[in-house]
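Here is the structure we will look at.
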Amino acid sequence: MHKTQGSWFKRFRDSGIILYLILIVLALIYIMPFITQVATSFKTDADATANPISLVPEIWTTAAYQKLFLNSDFPVWFKNSFIVTIVVTLGRVFFDSLAGYALARIEFRGRNLIFNLLLAVMSVPMVVLLIPKFLIIKSLGIYDSYAGMILPLLIDAAGVFIMKNFFESIPRSVEEQAMIDRAGTFRIFWSIVLPMARPALVTISILSFQGSWNELSHFIVSTQSSSLTTLTKGVASLASGQLSQGNQYPVKLAAAVVMTIPVAVLFFVFQKQIMNSSEGSVKE
């Protein structure tokens with residue numbers, strides 16, 4: 001009897017069911033805050049106060065979303081975040097790729113120094129740079145403008161690092177053939193090497209989109225006009241009771257749900273291309 005039970009447990013363990021059960025439990029723990037957030041956004045203020053973690057509202061209502069879109073500046077916040085995020089993402093993909101290719105392929109004096117400085121910048125907490133960033137934006141005359149919101153975010157040290165490492169994984173023989181055909185440096189980069197870096201480009205795009213979409217501290221020091229408020233600043237202002245009295249849990253979490261959707265959709269659409277990081281690589 002004991003031997004039979006031991007054999008059954010061994011087969012159960014070897015089948016990987018225990019591992020899957022553990023992963024399911026961890027996944028549920030991880031996703032529970034988001035599920036609670038969505039459920040609370042459809043509650044009334046009274047229900048959200050009385051049953052803050054209940055997953056089933058007593059009365060299903062879209063009042064929080066109506067208040068958010070019709071009685072607040074949420075559409076303006078969304079528009080500003082969308083404009084800044086799209087421009088920053090496109091800019092980072094282009095400039096990070098250029099800088100990464102230059103550091104990976106072009107020989108010039110001080111290249112190693114620049115790369116070491118790049119690594120040093122990655123180790124500095126962003127909060128330390130807020131005051132210098134504010135002073136520079138002010139001195140350039142771009143404070144409280146789209147330029148002040150966008151230009152300081154167009155280059156990302158981590159993105160340059162990722163692109164440099166990916167370009168170094170591409171054999172030089174691919175470029176040497178193009179050099180024989182008298183192709184210039186930029187043409188080789190744009191027409192040959194960059195299309196091969198699609199997995200890295202997708203990764204940079206998603207990281208840039210997510211980072212600029214969720215950015216808060218930079219927009220605090222670069223703008224003050226309500227017409228330039230982004231989603232992160234706007235949602236943070238809801239905590240002070242901007243729309244009405246009460247805890248406003250449904251309104252706050254409704255705003256958080258809407259903020260989450262673009263990033264989630266982008267990730268699910270391109271996740272396979274991120275995982276397939278070997279795509280585009282070639283052998284000698």
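Bear in mind the structure is a predicted one, so any value in this text is a computation, not a measurement. Count residues from 1 along the sequence.
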Between CG of Asp156 and CE of Met122, what distance do you get to the nearest 0.5 Å?
8.0 Å
Can a donor-acceptor pair be found, under 3.5 Å and without considering hydrogens, that links the side chain of Thr40 to the backbone of Gln37?
no
For Leu68 and Ala254, work out which heavy atoms get closest and say how close.
CD2-C, 3.9 Å
Where do Leu228 and Phe219 land on the side-chain contact (heavy atoms from CB on, under 4.5 Å) test, with the steps shown first?
CA-CA 9 Å; Leu228 293 176; Phe219 298 140; over 6 Å; no
With a 4.5 Å limit on heavy-atom distance, are the side chains of Ile162 and Phe166 in contact?
no
Heavy-atom side-chain proximity of Leu118 to Val121 below 4.5 angstrom:
no
Heavy-atom donor-acceptor pair, Asn80 side chain to Ser227 backbone, under 3.5 Å:
yes
How long is the straight-line distance from CG of Leu98 back to CH2 of Trp190, given to the nearest 0.5 Å?
8.0 Å
d(Leu90 CG, Phe209 CZ) to nearest 0.5 Å is 10.5 Å
Taking Ile206 as the starting point, is it possible to reach Ile261 by hopping between hydrophobic residues whose side chains are less than 4.5 Å apart?
yes
same_hphob_cluster(Val221, Val127) at 4.5 Å side-chain heavy-atom cutoff
yes
Can you tell me if CG on Leu113 sees more than 12 non-hydrogen neighbours from other groups inside 6.0 Å?
yes
Judged by atom type as modelled, is there a donor-acceptor pair below 3.5 Å linking the side chain of Ser191 to the main-chain atoms of Ile188?
no
Measure from NZ or CZ of Lys164 to the centre of the six-membered ring of Tyr101 and say whether it is under 6.0 Å with the direction within 45° of the ring axis.
no
Do Leu216 and Ile220 come within less than 4.5 Å of each other through their side chains, counting heavy atoms only?
yes
Once you measure the plane-to-plane angle for Phe69 and Phe74, does it fall in the parallel (<30°), tilted (30-60°) or perpendicular (>60°) bin?
perpendicular
Which heavy atom in Ser205 sits nearest to a heavy atom in Val93, and how many Å separate them?
OG-CG2, 3.3 Å
Glu215 versus Ser217, side-chain donor and acceptor atoms under 3.5 Å:
yes
Around atom OH of Tyr30, are there more than 12 heavy atoms from other residues, nucleotides or ligands closer than 6.0 Å?
no
With side-chain contact (heavy atoms from CB on, under 4.5 Å) as the criterion, how do Tyr65 and Val258 come out once you've worked through the C-alpha distance, each side chain's angles and the decisive distance to 0.1 Å?
CA-CA 9 Å; Tyr65 291 95; Val258 176; 4.1 Å; yes
Going from CD1 on Ile155 to CZ on Phe94, what distance comes out if it is rounded to the nearest 0.5 angstrom?
9.5 Å
Neighbour count >12 (heavy atoms, 6.0 Å) for atom CZ, Arg111
yes
Distance-only, no hydrogens or angles: does the Thr85 side chain make a donor-acceptor pair with backbone N or O of Phe82 under 3.5 Å?
no
CA sep, side-chain torsions, deciding dist, call: Glu168, Asn165, side-chain contact (heavy atoms from CB on, under 4.5 Å)
CA-CA 5 Å; Glu168 288 179 340; Asn165 287 339; 3.9 Å; yes
Would you find more than 12 non-hydrogen atoms of other residues, nucleotides or ligands less than 6.0 Å from Phe108 atom CZ?
yes
Starting from the C-alpha separation in whole Å, work towards a yes-or-no answer on side-chain contact (heavy atoms from CB on, under 4.5 Å) for Phe167 and Met196.
CA-CA 9 Å; Phe167 287 138; Met196 300 175 64; over 6 Å; no
Which atom pair, heavy atoms only, marks the closest approach of Ile59 to Asp47?
N-OD2, 4.2 Å
Find the distance between CG (Leu28) and CE (Met32) and round it off to the nearest 0.5 Å.
8.0 Å
Under 3.5 Å, side chain of Asp73 to main-chain N/O of Ser226, donor-acceptor pair present?
no
If we ignore hydrogens and angles and just use 3.5 Å, is the side chain of Arg92 paired with the main-chain N or O of Leu153 as donor and acceptor?
yes
Taking the ring centre of each residue, are Trp213 and Phe78 less than 6.0 Å apart?
yes
Rounded to the nearest 0.5 Å, what's the gap from OG1 on Thr230 to CD1 on Ile83? Could you check?
12.0 Å
Is it true that, when you exclude Leu119 itself, more than 12 heavy atoms of the residues, nucleotides or ligands shown sit nearer than 6.0 Å to its CG?
yes
Evaluate salt bridge (Lys or Arg N to Asp or Glu O under 4.0 Å) for Lys43 paired with Glu58, printing each intermediate quantity in order.
CA-CA 7 Å; Lys43 295 179 181 179; Glu58 290 184 358; over 6 Å; no
Donor-acceptor pair, side chain of Ser81 and main chain of Leu231, under 3.5 angstrom:
yes
Heavy-atom side-chain proximity of Met126 to Leu129 below 4.5 angstrom
yes
Linking I/L/V/M/F/W/Y whenever their side-chain heavy atoms sit closer than 4.5 Å, directly or via other members, would Val263 and Leu253 fall into one cluster?
no
Side chains of Thr223 and Lys233 only: does a donor on one sit below 3.5 Å from an acceptor on the other?
yes
Exercise: identify the closest heavy-atom pair between Pro250 and Asp45:
CD-OD1, 3.1 Å
Exam field: side chain Ser54 to backbone Asn51, donor-acceptor pair closer than 3.5 Å
no
Quick one: are Ile106 and Thr185 in side-chain contact, heavy atoms under 4.5 Å?
yes
Is the count of non-hydrogen atoms from other residues, nucleotides or ligands lying under 6.0 Å from Leu26 atom CG greater than 12?
yes
May I ask you to test the Gln224-Tyr143 pair for a side-chain heavy-atom distance under 4.5 Å?
yes
Counting C-beta onward and ignoring hydrogens, is there a side-chain heavy-atom pair between Ser97 and Phe189 closer than 4.5 Å?
yes
Please tell me if the side chains of Thr36 and Leu55 come closer than 4.5 Å, counting only heavy atoms from C-beta onward.
yes
Any chain of hydrophobic side-chain contacts (each under 4.5 Å) joining Ile29 to Leu21?
no
Spell out, yes or no, whether Leu117 and Leu103 are grouped together once hydrophobic residues are joined by side-chain heavy atoms under 4.5 Å, including indirect joins.
no
Identify the heavy atoms of Ala64 and Val251 that sit nearest to each other, and give their distance.
CB-N, 3.8 Å
Is there a donor-acceptor pair under 3.5 Å between the side chain of His218 and the backbone N or O of Met149?
yes
Any side-chain donor paired with an acceptor under 3.5 Å for Ser225 and Asp144?
yes
Any idea which heavy atoms bring Pro57 and Ala39 closest together, and the distance?
CG-O, 3.6 Å
